[in-house]
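Heads up, the thing below is written out as structure tokens.
Chain A is the first sequence line, chain B the second, and so forth, proteins listed ahead of strands; every chain is numbered from 1.
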There are 2 protein chains.
Amino acid sequence: MSKRGRPRDFDYSSIVDVAMKTFWINGYEGCSTQNLCSDTGLGKGSLYNTFGSKHELYKQVLERYHENGIRDQKEILENPISVKERLSNFFAWALEEDFKHTDHKGCLLINAGLERANHDPMVEEIVSKHVELLLQALERVMEEGLRTGEIKKRQSAVDLASLFLSSYYGLRVLITSIQNRTLAEQVINGTMESIFGA
Amino acid sequence: MSKRGRPRDFDYSSIVDVAMKTFWINGYEGCSTQNLCSDTGLGKGSLYNTFGSKHELYKQVLERYHENGIRDQKEILENPISVKERLSNFFAWALEEDFKHTDHKGCLLINAGLERANHDPMVEEIVSKHVELLLQALERVMEEGLRTGEIKKRQSAVDLASLFLSSYYGLRVLITSIQNRTLAEQVINGTMESIFGA
DNA sequence: TAATTTTTGTACTGATTGTTACAATAATAA
DNA sequence: TTATTATTGTAACAATCAGTACAAAAATTA
């Protein structure tokens with residue numbers, strides 16, 4: 001009694017994935033519903049019947065990106081290896097994310113935040129939540145590093161986490177805007193040295 | 001013989017300033033030529049007669065923003081006071097830039113870079129140039145700090161400059177996406193401590 | 001004044017925007 | 001089979017997009 005009528009012949013989840021890439025490449029204002037239809041293969045009927053609006057589809061995309069992202073980031077940061085290795089892995093993961101794709105670049109949440117967080121409360125909310133969770137995870141890592149003595153600095157965990165966070169986002173912005181691997185490696189080097197150096 | 005015909009009754013420079021704000025608030029794709037006309041007070045005839053296209057006006061805006069920006073930044077970084085004060089002033093300047101406006105936020109060049117650098121060579125070029133010049137200015141400051149002993153770390157000037165650069169861009173992204181002054185101050189604190197701390 | 005040159009506003013272009021209407025289609029439940 | 005329900009593709013919607021055509025207006029030069 002629950003599922004009468006013609007079943008849809010596409011996979012909801014796959015559509016969100018494809019739409020993610022389309023929004024990623026073009027931004028929200030920069031891509032049309034026509035683009036979304038041709039990229040996903042859906043007709044307008046199906047797209048609007050399923051998602052209701054371009055904005056709602058965008059929301060689904062951002063929520064998924066956030067959930068996948070914070071999962072991956074936590075996995076890296078909570079791995080029971082040395083703190084230095086964890087942070088190093090975190091940077092390596094970001095670097096790979098940014099250089100493995102040739103058509104879309106950077107962190108989708110940053111792109112969305114800069115394009116729309118000011119006028120779009122939905123975007124603001126998701127980005128805020130993500131940053132908050134990431135910052136908390138980083139603080140826990142820094143606390144552990146300070147406790148075990150792996151980090152010898154006399155800085156607070158909060159300050160260290162904030163430094164790392166901003167450096168990380170700055171790195172992704174720089175990579176996205178100007179494709180420069182050397183600079184990226186210098187940023188990573190400079191940040192790691194600042195935390196673990198003499 | 002040089003200026004015959006009806007003179008324009010608006011100031012080119014002022015128009016670029018107004019257009020800058022319009023692009024800043026809405027992004028490139030997010031604002032229409034209609035928006036630009038109503039904000040500047042120009043008719044379409046005047047706007048297209050003067051600038052030729054939306055894209056050309058955007059270029060004028062970005063070039064002016066870049067020139068003004070790098071001028072201000074260099075002025076702060078080359079001020080003959082202590083290196084620590086200079087970098088502190090630099091952060092204070094960024095903080096003020098981001099919090100003094102309520103309608104438009106962040107660094108226009110970052111916004112432009114993330115929205116368009118990938119498909120628009122003009123944008124990529126201006127952003128690259130700006131980052132390069134800023135990085136050079138930062139390197140000179142770090143070299144001076146290392147030479148005078150004000151910076152006691154054993155990091156290279158390049159690494160220190162890269163760290164500061166990414167942290168600075170990360171800061172501006174964070175402020176733009178999530179309005180959080182406390183986090184901003186933690187970022188600044190964390191970065192300054194990393195460079196000048198024990 | 002008259003000829004010349006540029007600016008200005010208005011109307012308009014074809015294309016595209018996000019969204020809706022709806023009939024044909026295809027499945028299930030009875 | 002028949003009734004029901006959801007999905008699908010197509011056509012269309014008013015609104016807006018970037019850009020153009022052009023004549024009226026306003027200045028200069030002669």
Side-chain angles (χ1 to χ4, degrees), chain A residues 1-62 112 115-116 119-123, chain B residues 1-62 112 115-116 119-123:
Chain A
M1 73 224 283
S2 60
K3 40 175 179 173
R4 188 150 55 172
R6 178 177 177 177
R8 59 173 58 128
D9 67 345
F10 61 85
D11 178 36
Y12 181 99
S13 191
S14 318
I15 297 298
V16 175
D17 280 337
V18 176
M20 184 183 294
K21 197 168 176 180
T22 304
F23 281 123
W24 209 336
I25 296 173
N26 304 104
Y28 181 77
E29 302 268 12
C31 90
S32 65
T33 51
Q34 202 57 255
N35 293 144
L36 292 164
C37 285
S38 27
D39 286 4
T40 58
L42 260 58
K44 295 211 156 180
S46 302
L47 193 137
Y48 274 86
N49 182 45
T50 309
F51 297 101
S53 70
K54 179 186 175 185
H55 190 261
E56 179 60 30
L57 174 55
Y58 191 53
K59 184 182 175 188
Q60 297 301 316
V61 163
L62 291 187
E115 182 187 354
R116 297 188 57 78
H119 356 68
D120 192 331
M122 178 275 285
V123 174
Chain B
M1 74 225 282
S2 61
K3 40 175 178 172
R4 188 149 56 172
R6 178 177 177 176
R8 58 171 60 129
D9 67 346
F10 60 86
D11 179 35
Y12 182 97
S13 190
S14 318
I15 296 298
V16 175
D17 280 337
V18 176
M20 185 184 293
K21 198 169 177 181
T22 304
F23 281 124
W24 209 336
I25 295 172
N26 304 105
Y28 180 77
E29 303 266 12
C31 89
S32 65
T33 51
Q34 203 58 254
N35 293 142
L36 292 164
C37 285
S38 27
D39 286 5
T40 58
L42 261 59
K44 294 211 157 180
S46 302
L47 194 136
Y48 274 87
N49 182 44
T50 309
F51 297 101
S53 70
K54 179 186 176 185
H55 190 262
E56 179 60 29
L57 173 54
Y58 190 54
K59 183 182 176 188
Q60 297 302 315
V61 163
L62 292 187
E115 182 187 354
R116 298 189 56 77
H119 354 69
D120 191 332
M122 180 273 287
V123 174

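The NZ-C1' distance, from K54(A) to dT20(C), rounds to 17 Å in whole Å. Going from atom CG of N35(A) over to atom P of dT17(C) covers 6 Å, rounded to whole Å. In this structure, CG of L47(A) is placed 11 Å from P of dT8(D), rounded to the nearest angstrom. We find that OH of Y48(A) is positioned 17 Å from P of dT10(D), with the value rounded to whole Å. Between the C1' atom of dC17(D) and the CD atom of Q34(A) lies a distance of 15 Å, rounded to the nearest Å.
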> Which parts of nucleotides 2-10 of chain C does protein reach within less than 4.0 Å, heavy atoms only, written one letter per nucleotide 5' to 3' as B for base, S for sugar-phosphate only and - for none?
Replying inline: --SBBBBBB
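By the side chain to side chain contact (heavy atoms under 4.5 Å, CB included) test, T33(B) is found to be paired with K44(B), Y48(B), K54(B), residues two or more places apart in sequence or in another chain being considered. The side chain to side chain contact (heavy atoms under 4.5 Å, CB included) test applied to D11(A) returns S13(A), S14(A), not counting sequence neighbours. Under the rule for a side-chain hydrogen bond (donor to acceptor under 3.5 Å, both in side chains), H119(A) has no partner lying at least two apart in sequence or in another chain. Shown here are the ring-ring contact (aromatic ring centres under 6.0 Å, His included) partners of F51(A), two or more places apart in sequence or in another chain: Y12(A). In this structure, E56(B) has no salt bridge (charged side-chain N to carboxylate O under 4.0 Å, His left out) partners at least two apart in sequence or on a different chain. In this structure, S53(B) has no side-chain hydrogen bond (donor to acceptor under 3.5 Å, both in side chains) partners at least two apart in sequence or on a different chain. Every residue two or more places apart in sequence or in another chain that forms a side-chain hydrogen bond (donor to acceptor under 3.5 Å, both in side chains) with T22(B) is listed here: D39(B).
S32(A) has a side-chain polar atom (N or O) that falls below the 4.0 Å cut-off from OP1 or OP2 of dT17(C).
Among the atoms of the strands shown, only primed sugar atoms or phosphate atoms (P, OP1, OP2) are found under 4.0 Å from some heavy atom of C31(B).
Residues from residues 16-30 of chain A that place a heavy atom under 4.0 Å from any atom of DNA chain D: there are none.
The SG atom of C31(B) sits 9.5 Å away from atom CD of E29(A), with the distance rounded to the nearest 0.5 Å.
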